[in-house]
Peer 1: 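Dropping a structure here in C-alpha cells format, bear with me for questions.
Just so we're on the same page: letters track the sequence lines, and every chain starts at 1.
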Amino acid sequence: MPRKKVRLEHSVEYLSILDKNGKVDEKLIPKIDKDVLLQIHRTMLLSRHLDDRMLLLQRQGRIGTFAPAKGQEASQVGAMAALEMGDWFVPAFRETAAMLWRGIEPANLLLYNAGYNEGAEIPEDSHDLPIAIPVASQIPHAVGLAYAAGYRESDEIAITFFGDGATSEGDFHEALNFASVLKAPVIFLCQNNQWAISMPRGRQSESRTLAQKGLGYAIPSLQVDGNDVFAVYAAVQEAAERARAGDGPTMIECITYRMSVHTTADDPSKYRDEDEVKKWQELDPILRLQKYLKAKKQLSDKKIEALEKELEQQIDTAWEDTHKRIQELTDPLVMFDDVYAEPPASLQAQRQAYEQHLKCEG
Amino acid sequence: MPRKKVRLEHSVEYLSILDKNGKVDEKLIPKIDKDVLLQIHRTMLLSRHLDDRMLLLQRQGRIGTFAPAKGQEASQVGAMAALEMGDWFVPAFRETAAMLWRGIEPANLLLYNAGYNEGAEIPEDSHDLPIAIPVASQIPHAVGLAYAAGYRESDEIAITFFGDGATSEGDFHEALNFASVLKAPVIFLCQNNQWAISMPRGRQSESRTLAQKGLGYAIPSLQVDGNDVFAVYAAVQEAAERARAGDGPTMIECITYRMSVHTTADDPSKYRDEDEVKKWQELDPILRLQKYLKAKKQLSDKKIEALEKELEQQIDTAWEDTHKRIQELTDPLVMFDDVYAEPPASLQAQRQAYEQHLKCEG
Amino acid sequence: MAELNMADAIKLALTQEMENDDGVIVLGEDVGVDGGVFRITEGLLDRYGERRVIDSPVAETALVGFSIGLALYGLKPVCEMQFSGFSYQGFHQMESHAARLRWRSRGRYSIPMVLRMPYGAGVHALEHHSESKEVLYAHIPGLKMVIPSTPRNARALMVSAIRDPDPVVVFEPKAIYRAFREEVPDDEETLPLGQSRTAREGGDLTMISYGAMLQRTLQAADQLAEEDGVETEVIDLLSLSPLDHERFAESARNTGRVVIVHEAHRSYGPAGEIMARLIEESFYYLEAPIRRVTGFDTIVPMFAREQAYLPDVERILDAARGVLND
Amino acid sequence: MAELNMADAIKLALTQEMENDDGVIVLGEDVGVDGGVFRITEGLLDRYGERRVIDSPVAETALVGFSIGLALYGLKPVCEMQFSGFSYQGFHQMESHAARLRWRSRGRYSIPMVLRMPYGAGVHALEHHSESKEVLYAHIPGLKMVIPSTPRNARALMVSAIRDPDPVVVFEPKAIYRAFREEVPDDEETLPLGQSRTAREGGDLTMISYGAMLQRTLQAADQLAEEDGVETEVIDLLSLSPLDHERFAESARNTGRVVIVHEAHRSYGPAGEIMARLIEESFYYLEAPIRRVTGFDTIVPMFAREQAYLPDVERILDAARGVLND
Ligand SMILES: Cc1ncc(C[n+]2csc(CCOP(=O)(O)OP(=O)(O)O)c2C)c(N)n1
Ligand SMILES: Cc1ncc(C[n+]2csc(CCOP(=O)(O)OP(=O)(O)O)c2C)c(N)n1
Ligand SMILES: [Mg+2]
Ligand SMILES: [Mg+2]
C-alpha cells in the first residue's frame with residue numbers, strides 16, 4: 001500500500017562507436033559498403049564546402065539568409081545513408097548535408113537561398129519534403145506519411161529531423177504521442193546541436209537528455225554521438241528495422257554541435273564563447289571519419305585534397321548555373337503559380353491586372 | 001565507448017494510503033485536523049449531491065450542458081485542502097468539488113450552467129480562475145501565475161487541474177517545460193479519470209503512467225490513488241512544500257474515475273461497459289472516506305443521513321436563488337459588458353443601436 | 001432519394017466517398033467508437049475499420065499536421081475539429097503548411113485534405129462552442145473555405161471538398177444540423193467549390209448570407225414580400241473562398257440595394273470583403289449604403305443570451321427596411 | 001530629444017516602462033542574452049536581470065499562455081513573437097484566453113499584456129518571415145491591435161500598449177525598423193490606442209494606409225502633387241482595432257475619392273472593413289468606387305520577388321489616378 005516504484009517500459013542509452021582518434025568499436029560498427037562509405041564522406045565534405053561557399057556568397061550579398069549545417073554532417077548523412085531512397089525524408093531548415101545525400105542539386109539549394117522558390121522544386125517521384133521553417137511543425141507530417149505508407153502496405157518509412165529547440169514545441173509532443181499510439185513507422189531524429197539561436201541546450205530543458213522525452217510516450221529512445229557517423233548509421237538502421245517490422249517509432253537524439261552561425265543573420269559572439277567552438281572542432285565529424293578512413297587506407301591526404309578541388313569545381317559550376325538561371329527568372333508573375341491546382345477567378349483577375357500594370361509601366 | 005545506460009534524475013512512484021475498506025497506512029497518513037477532515041467530507045458530499053441535482057435539472061431542460069465531477073471528489077478536495085486560500089487555483093471544466101472547497105457558491109455554479117456569465121463572477125480578492133474549456137489551455141496560465149508570485153516574493157503557489165486527455169495537447173508539454181526551466185512553484189494535477197469523452201486512457205497514450213511524462217522535463221512526478229483523499233492530500237502537501245521551498249514544479253497523476261457522463265451531451269453507453277463503472281463504484285472516494293470516518297467514530301450513518309438532508313436543502317435554496325436571479329437577468333445588453341476595460345466607440349455604437357432596436361421592437 | 005437532415009446528408013457524403021475511394025481516411029477526436037459528438041461519423045468505424053476511421057488523442061495540432069502527412073502521401077484525410085472554437089490549436093498547421101505545400105514544392109505535392117468542423121451559435125452550448133470566425137480561414141491564400149446551408153448542398157459540397165486537390169475547410173452550421181430535412185439524391189452529386197447560388201429571386205433588394213443565417217434571411221425575405229410587397233433576391237454564398245462575387249454583384253446591379261447577414265463578428269468580418277467586392281463591381285448601381293446585420297464585436301455570450309447576439313429576423317427586417325428607405 | 005530609428009524608439013519605450021514599473025516583464029525567444037533577433041530588447045537583460053527579461057524555450061503557446069498567467073497576477077508582460085509568422089502557434093491562447101478573461105471573470109481579472117512582433121515583407125528574409133496577417137488579430141473582440149509607422153509614434157504607442165489594461169497586439173513594421181530616423185522626445189509620450197492621424201493634408205483624394213506601407217503612400221501622394229497637381233490627404237490608421245473611422249470617413253466626405261493601401265492579402269484583408277465603414281459613414285459623398293492596393297491573394301513570394309508582391313508607388317499611383325478619373 002505505501003509508495004512503490006513504477007517500472008517503466010524503456011530506459012535511455014548512449015551509443016558511440018567511432019572515437020575522436022578515428023578508432024572504432026569493432027563489435028558495434030555497422031556493415032557499410034566501402035563505396036557507400038566513401039560516398040558518405042564525399043557528401044559530408046560537399047556539404048561543408050557548400051556551406052562555406054554559401055556563407056561567402058551571403059556576405060557578398062549574392063544570396064540571402066540560410067542556416068549552415070556545418071558540424072552536423074555525420075548526423076545527417078549517417079542517418080540518410082541507413083535508409084532507402086523510397087523512405088520519406090522530412091527535413092527542417094538545416095539539413096543541407098542530408099539533402100545532398102538525397103540527390104538534391106547544389107544549384108537548387110543555391111537558387112533557393114537566393115530567394116527563388118524554384119530552388120525548392122522536387123522531382124515527381126521523389127520522397128523528399130521541402131524545407132520547413134516553423135520549428136517542429138514538420139514533425140507531425142512525418143507521422144502522417146509513415147502512417148499512410150503503412151496503410152498502403154508499403155515498406156516505406158519516414159524520418160524527420162529537428163533540433164534541440166524543437167523539442168520544446170507542442171508540435172513535437174503531439175506528434176510523438178500520435179506516432180506512438182498509432183504505431184507509425186517513423187524515426188524522430190533530434191539533432192541536438194547545443195543551441196537554439198542564442199539559447200543553450202541546458203536552458204532549453206532541465207532534463208539530462210532529450211532522448212528521455214521519448215519515455216513519456218513509451219517510445220524507444222536513445223542518445224548517440226552525433227558526430228560519429230557510424231553510431232548515427234547504426235542507430236537509424238536499428239530504428240528502421242523496428243519501423244519496418246511494425247514496431248513503431250524510435251526517437252534518436254544525436255549529440256552534435258552547430259559549428260557555425262545559427263543563420264547568416266545571427267551573431268553568435270553575442271552569446272557564446274569561441275572556446276566552446278574550439279572544443280567541438282576537435283570532435284569534427286568529418287575529421288573523425290577521415291582519420292578512420294585513412295587508417296583503413298581508404299583515403300589519403302592527397303585523395304582528400306583532390307576531392308576537395310573537385311567539390312569546389314562542382315560548386316563553381318553550380319553557382320554559375322544558378323547565376324544564369326537567376327538571370328532568366330525575371331518574371332514576377334510566377335508568384336501567382338501553384339497557390340491552387342486551378343487558380344480561382346479572382347486570383348486570375350489579380351494576375352491579369354498585375355500583368356497589365358507591368359505592361360503599362362514597362 | 002559502447003552502449004551505456006543513462007541515469008535519469010527521477011523515477012515514478014505510486015502512492016496510496018487509504019484502502020477500499022477504509023483502512024489507512026498510519027505511517028503515511030497526513031496530519032489533518034478533525035474539523036478539516038469533516039469539512040473535506042462535507043464538501044465532497046455536497047459536490048456529489050450538486051452533480052446529481054444538476055443532472056436532473058439538465059434533463060428537465062432547466063440548465064445546460066455541464067461536466068459532472070462525480071467520482072473525482074477526493075482528487076479535487078484532497079488537493080485543495082492541502083493548499084492555502086491565497087494559492088492560485090486554475091481549474092479546467094470539471095472541478096465542481098474543488099470550486100466548492102474554495103467557497104464558490106452552488107448558486108453561482110447553477111447560474112453558470114444555466115447559461116449566464118454572471119455565474120462565473122469571482123470576488124475581487126479571490127485567487128480562483130474561472131472555468132477553462134479548451135483542453136489543457138489553462139495549464140500555462142498556472143505557470144505564469146506561479147512565476148509571478150515568485151517574482152513578487154510572495155509565498156503563494158499555483159495548482160492547475162487537467163485530465164488524462166489534456167496530456168496529449170501541446171499546451172501541456174510546453175507549460176511543463178516552462179515550469180521546469182523557470183522553476184515555477186506550480187503543481188500539475190492530472191485527474192486521470194480513465195476517459196477523454198470516448199477515448200480510454202489506454203489509447204490516449206502508450207506510456208504505462210501519465211506521471212512518467214514528467215520525466216521528460218525532469219519534474220518530480222508521482223502517481224497517487226486519486227480516490228484516496230489522504231494520498232492526494234499528502235502528495236499535494238509535499239509538492240506544495242517543494243514549491244514554497246523554491247524547488248519548482250511537481251506533477252501528480254491522480255488515478256480516478258469519471259463515474260458519470262463526460263458531459264450531459266454525452267452518452268457513454270456508446271463506448272463503455274457498465275461493468276467498468278460498477279467496478280469503480282466499489283472504489284468510490286466518498287464511501288472510502290466515510291468508512292474511515294465511521295471506523296474512527298467521527299461519523300455515523302445517522303450523521304451522514306442528516307448531513308445529506310442538510311445538503312439537499314442547501315441545494316434547494318441555491319436553486320431557488322438561481323431561479324429568482326434568472327428571472328431578473330433579462331437584459332441582453334449585458335453581453336456588451338467587460339469586453340474591454342473601456343468599450344471603444346464602435347462597440348458603444350453597436351450597443352446603442354441594439355438598445356434602440358430593442359426599444360422599437362418592444 | 002431520401003429526406004435527410006444536414007447531419008445525415010454529410011454522413012452520406014462521407015460514407016459514399018469512403019466507399020468510392022479507399023484513400024479517404026476519417027479522423028478526429030471521438031469520431032470512431034462514439035461516432036462524433038454530433039454523430040456525423042456514426043457507423044463509419046464499423047464499416048471501414050480503425051485504420052480508416054481514426055479516434056485520435058486530444059491534440060489538434062497533430063490532427064491537422066498528421067492529416068497533412070496523409071495528404072502528402074496521396075491519401076484524402078477528412079479531419080474533424082470537434083468545434084471550430086478548438087481549431088485554432090491546429091491553425092498554424094493550416095496556415096504554414098496545408099495552404100503552402102503545393103506552392104512550396106512547386107506543385108510536386110498537393111494537400112487534398114478536408115478540415116471539417118461545426119461552427120456557430122444557437123445550440124445552447126458552453127463557451128467556445130458557438131464561434132463563427134470563418135474569416136480566419138477565408139483570409140489564407142492556398143485554402144478554400146465553404147459553408148453549406150441545406151442538407152443537399154452540404155452533401156454535394158462535402159463530396160466536392162473531398163475530391164478537391166487542395167485543402168478545403170468546411171464550416172458546418174451546427175445550429176441546423178437537424179433543423180430541417182431536404183430531399184437528397186442517393187446518387188452522387190457534387191457542387192463546384194467557389195460558386196454561390198440564388199436561394200430566392202427578387203428584383204427590389206439583394207440579401208447576401210450563408211450557413212445557418214440563410215434561413216433567417218429567407219424568412220425575413222418572405223416577410224418583406226408579405227408585409228411590404230418587396231421582392232428580395234437572396235444569395236447564398238456557399239463558398240467564402242474563393243468568393244463568387246459575380247452573382248451577388250449582378251444582383252446588386254439589378255436591385256441597387258443590399259443587406260449582408262452573417263453571425264461572425266462585425267469588424268473585419270466577411271461582410272467587409274463582400275462590401276469591397278460590391279464597391280468594385282457594382283458601385284455605380286448602388287442606390288443606398290449597403291447594410292450589414294452581423295454578430296456584435298463582443299465575445300459570443302453564454303447561451304442564455306446567444307440569441308441576442310445572433311442576427312434575428314427583426315434585425316434583418318430593420319436593416320432591409322432601412323436600406324429600402326435610404 | 002534624440003533622432004532615433006524605429007527599433008531604437010521601441011527599445012526606448014521598453015526601457016522607460018521597465019524603469020517606471022517593476023511589473024513590466026519582457027519575454028520571448030532570444031530576447032535576453034542575444035537582445036532579440038532585431039536587437040529591440042538589447043541591453044534589457046543586463047539592466048533588469050533574468051527574472052524580468054526571460055529568454056524562453058522555443059514554445060509560442062507557452063510564451064503567450066505564460067504571459068497571460070503573469071498578467072492575471074497583475075504584472076505587465078511584454079511578450080515578443082520572433083516573427084508574426086510564428087505567432088499562430090500561440091494564437092489560440094490569444095483568442096481563447098487573453099481576449100476573454102476579463103469578460104469571463106466579469107471584470108475580476110484583466111490581461112494587461114502586450115504581444116509584440118515584427119511583421120511584413122521587404123527585408124529579404126526566409127519564408128514565413130514576411131507575413132502581414134493583422135486581420136487575424138483585429139477580428140478578435142477583446143484584443144486591441146496597433147501598427148506604428150514612424151519611430152515617434154512607435155514609441156508612444158508601445159508605452160500606451162504597455163499601460164493599457166487590456167491585451168494589445170503590436171505589429172512592428174520590420175521593413176522600416178531602421179529605414180529612417182525621427183526626433184523622439186526623451187520625456188514620456190503616449191498616444192491613445194484607437195486613434196488615427198492625418199499624415200498629410202489634402203482635399204482632392206483620401207489615401208488610407210498604415211505600417212510600412214505608409215511611406216510608399218506618402219511618396220505616391222507627393223508624386224501626385226508634383227505631377228498631377230492633386231492634393232492627397234493621407235490617413236495613417238495606427239490602430240486597426242479599435243478602428244477609428246471618424247477621421248477617414250470625414251476625409252472621404254470631403255474628397256469623395258478614396259484609395260486604401262496595405263500589404264496584407266487582398267481578400268478579407270483590412271481594406272474590406274475600411275470600405276465597409278466608408279460605406280456606412282460616407283456613402284453619399286463617394287464620387288467614385290474606393291480602390292484598394294494590397295498584397296495579392298498569393299503566398300508572400302520568397303524574397304527575390306517580394307517587391308512584386310508588395311504595393312509599390314506605381315501601383316498606388318495607378319489606383320489613385322484611376323479613382324480620380326472614375
Ligand atoms: C515556430 C517557430 N518559432 C520560432 C522560430 C524562429 N527560430 C528559427 S530557428 C530557431 C531555433 C531552433 O533551434 P533548434 O530547434 O535547436 O534548431 P537549430 O536551429 O539549432 O538547428 C528559432 C527560435 C521559428 N522558425 N519557428
Ligand atoms: C482544445 C480542445 N479540444 C477539444 C475539446 C473537446 N473536449 C472537451 S473535453 C474533451 C476530453 C477531455 O478529456 P480529459 O482531458 O481526460 O478531461 P475529462 O473530460 O476526462 O475531465 C474534449 C476532447 C476541447 N474542449 N478543447
Ligand atoms: Mg539546436
Ligand atoms: Mg479524462
Peer 1: Apply ring-ring contact (aromatic ring centres under 6.0 Å, His included) to B:Phe188 and list each qualifying residue two or more places apart in sequence or on a separate chain.
Peer 2: none

Peer 1: Please state whether the side chain, the backbone, both or neither of B:Leu347 comes within less than 4.5 Å of a heavy atom of chain C.
Peer 2: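 Just the side chain, heavy atoms under 4.5 Å.
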
Peer 1: Which bit of C:Phe296 is near chain B, if near means a heavy-atom gap under 4.5 Å: side chain, backbone, both or neither?
Peer 2: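 Contact with chain B involves both backbone and side-chain atoms of C:Phe296.
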
Peer 1: Quick one: what part of B:Ala196 sits under 4.5 Å from any heavy atom of chain C, side chain, backbone, both or neither?
Peer 2: both

Peer 1: Could you work out all donor-acceptor pairs shorter than 3.5 Å where one atom is in chain C and the other in chain B?
Peer 2:
| residue | atom | partner | partner atom | Å |
| --- | --- | --- | --- | --- |
| C:Asp30 | OD1 | B:Ser198 | N | 2.9 |
| C:Asp30 | OD1 | B:Ser198 | OG | 2.6 |
| C:Glu42 | OE2 | B:Lys270 | NZ | 2.0 |
| C:Val58 | N | B:Gln204 | OE1 | 3.0 |
| C:Asp297 | N | B:Gln350 | OE1 | 2.9 |
| C:Asp297 | OD2 | B:Gln350 | NE2 | 2.9 |
| C:Ala304 | N | B:Gly115 | O | 3.1 |
| C:Arg305 | NE | B:Asp331 | O | 3.4 |
| C:Arg305 | NH1 | B:Glu118 | OE1 | 3.1 |
| C:Arg305 | NH2 | B:Glu118 | OE1 | 3.4 |
| C:Arg305 | NH2 | B:Glu118 | OE2 | 2.7 |
| C:Ala308 | O | B:Tyr354 | OH | 3.4 |
| C:Asp318 | OD2 | B:His357 | ND1 | 2.8 |

Peer 1: So which of B:Gly165, B:Gly64, B:Pro134 has the largest heavy-atom pair count under 4.5 angstrom toward chain C?
Peer 2: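 Greatest number of close heavy-atom pairs with chain C: B:Pro134.
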
Peer 1: What part of C:Pro57 is in contact with chain B, defined as an atom under 4.5 angstrom from a non-hydrogen atom: side chain, backbone, both or neither?
Peer 2: both

Peer 1: Identify which part of B:Leu329 has an atom lying under 4.5 Å from any heavy atom of chain C, answering side chain, backbone, both or neither.
Peer 2: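 When you check distances to chain C, atoms from both the backbone and side chain of B:Leu329 fall under 4.5 Å.
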
Peer 1: Report the option among B:Leu333, B:Val339, B:Ile326, B:Ile131 that has the most heavy-atom pairs separated by less than 4.5 Å from atoms of chain C.
Peer 2: B:Val339

Peer 1: Is the shortest side-chain heavy-atom distance between C:Phe86 and B:Ile133 below 4.5 Å?
Peer 2: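 With C-beta onward as the side chain, the pair touches.
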
Peer 1: Work out which heavy atom in C:Met302 is nearest to a heavy atom in B:Gly115; give both atom names and the distance.
Peer 2: CB-O, 3.2 Å

